[in-house]
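All remarks here apply to the structure that follows.
Numbering of residues begins at 1 and proceeds along the displayed sequence. Since this is a predicted model, take the numbers as computed values, not measurements. Hydrogens, waters and symmetry mates are skipped; everything else that's a heavy atom, side chains included, is used. Order of listing sets the numbers, starting from 1, for every ligand and every atom in it.
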Amino acid sequence: MISMQKTKIILDENEMPKKWYNIQADLKTPLDPPLNPQTKQPIGPDDLKQIFPMGLIKQEVSLDRYIKIPEKVRDIYRIWRPTPLYRAIKLEKFLKTPAKIYYKWEGVSPPGSHKPNSAVAQAYFNMKEGIEKLVTETGAGQWGSALSFACQKFNLKCRVYMVKCSYDQKPYRRILMENWGAEVLSSPTNFTNSGREILKKNQNTSGSLGISISEAVEDAATHENTNYALGSVLNHVVLHQTIIGLELKKQFEILGEYPDIICGCVGGGSNFSGTSFPFLRDKILGKKPDLKIISVEPLACPTLTRGEFRYDFGDSAGLTPLLKMYTLGHSFVPPAIHAGGLRYHGDSPLLSKLTKEGYMQALAYYQNEVFEAATLFARTEGFVVAPESAHAVKAAIDLARMCKYNNEKKIILFGNSGHGYFDLSAYEAYYSKKMQDFSYPKVLIKNGLKTIPIIKATV
Ligand SMILES: Cc1ncc(COP(=O)(O)O)c(C=O)c1O
């Protein structure tokens, strides 16, 4: 037990978890299986072999509770892990809240976010099976940076389809990726059928993650020794991110505390699932029935708060398997908000199922209020956070204010998924009052949902 106020809890390198946690082992009912996009029948591991290595496919379907982290992956993790758990004492003082606010700071990794937790693992398992090149998409640029970094570590080539609006907004992200040896393309491109189709319909599209995923999947499927890597959504990505929550459990043990509320931003769900699932296990087991777990998303892309829980494609062109998840429809092209990493039409099937079953809740914000919170955070805690992470900051501040109102000494934990040093143009837009708020209208969501294939029977 610690009596004085500590600013941060740092684990020793040898306390870094040796296994990832797989929440599939603790679900009350199994996940609905992914379906073949043509036959609509459940797919097996063999169907994924064209674009993923067997090592990751096995993780995708595994029901083992813990999965060993290979030593070579741990060796790269050690560059920045374990990451610090901070107590936001200065923010608490400013808010005059009786609540304690903690945040797990993932901005210390070389690419600047939680994304390399999975990128390094994915590059390793691909390298092990003789793959020479990985192809991917990137929204905010964080995932592309992480995969570029990871590929460089394992001597793999890397090609990144970067969503056009991010490519234009964030030239330094592109340079960062190139610095690690990656090739970066503004998506949609003319290199793929899916890109050409989109450009035919709308030459000026700002792009979307769904479109870039189609391009990357097509590229990987049509080239030898080339695989695809996804930065979120899939079970194996969520699995790799649980290193965040597993470290947190040790850090809270050192504090002798346990969070009452955990919140985090959700794009495809990887950082927040990784942060919350090791705690959520205690809720599933009935040990922490009152624990609140809250996903935060933009009102411009309100997947969990306004979408539907049903089967949909992971990409725009309908090339990927159908996943049972919250979705706004795979043709959804969100407004070009600054939190590029939160502009995805779907969500992790695991996070979606646990939300549907009431273990998790969700809320959504406008981007101006999110940046107001991020600015307050920078002026109290010092760190300039990514626009995505700023959604979690906003929720934590609101929750702490609620605690003040109700005079409650709750313990609030939020996932601080990355730094915002390549997002300063977004901060500039906020300061110069050029930032627009969007709330995605229900009627457009309804139209988008009409494009989803109807799968009648639950398989
Ligand atoms: C810093 C940061 N946080 C969060 C996200 C959202 O992704 P996910 O929900 O998979 O964590 C992104 C995505 O690019 C990101 O860059």
Ligand 1 and [X], any nitrogen or oxygen pair closer than 3.5 angstrom?
X	answer
Ser417	yes
Gly269	yes
Gln142	no
Gly268	yes
Gly267	yes
His114	yes

Item checked: Nearest option to atom 13 (C) of ligand 1, as decided by whichever heavy atom of Arg173, Arg343, Lys115, His419 sits closest -> Lys115
Item checked: Option with minimal heavy-atom separation from atom 11 (O) of ligand 1, where the choices are Asp347, Leu351, Asn271, Leu230 -> Asn271
Closer than 4.0 Å to some heavy atom of [X] - which atoms of ligand 1 meet that?
X	value
Val266	9 (O)
Ser232	8 (P), 10 (O)
Cys265	3 (N), 4 (C)
Leu342	6 (C)

Ring centroid separation [X] to [Y] under 6.0 Å:
X	Y	answer
Tyr86	Tyr103	yes
Phe191	Tyr161	no
Tyr431	Phe371	no
His236	Phe125	no

Check: So which protein heavy atom does atom 14 (O) of ligand 1 come closest to, and at what separation?
Finding: Gly341 CA, 3.4 Å
Check: Is there a side-chain contact between Ser273 and Gln241, using heavy atoms and a 4.5 Å cut-off?
Finding: no
Item checked: Phe309 and Tyr326 aromatic ring geometry - parallel, tilted or perpendicular at 30°/60° bounds -> tilted
Item checked: Parallel, tilted or perpendicular: rings of Tyr21 and Tyr66 (30°, 60°) -> tilted
Notebook entry, point to check: Within the side chain of Glu218, is there an N or O that forms a donor-acceptor pair under 3.5 Å with the backbone of Ser194?
Noted result: yes
Notebook entry, point to check: Do Asn271 and Glu388 have a side chain donor and acceptor closer than 3.5 Å?
Noted result: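 Side-chain D/A pair, Asn271 to Glu388: absent.
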Notebook entry, point to check: ligand 1 versus Val233, non-hydrogen atoms closer than 4.0 Å: side chain, backbone, both, neither?
Noted result: neither
Check: Among all residues two or more places apart in sequence or in another chain, which pass the ring-ring contact (aromatic ring centres under 6.0 Å, His included) test with Phe277?
Finding: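 Applying ring-ring contact (aromatic ring centres under 6.0 Å, His included) to Phe277 gives none.
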Check: Is ligand 1 less than 4.0 angstrom away from at least one heavy atom of Gly139?
Finding: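 Flag not set, Gly139 not near ligand 1.
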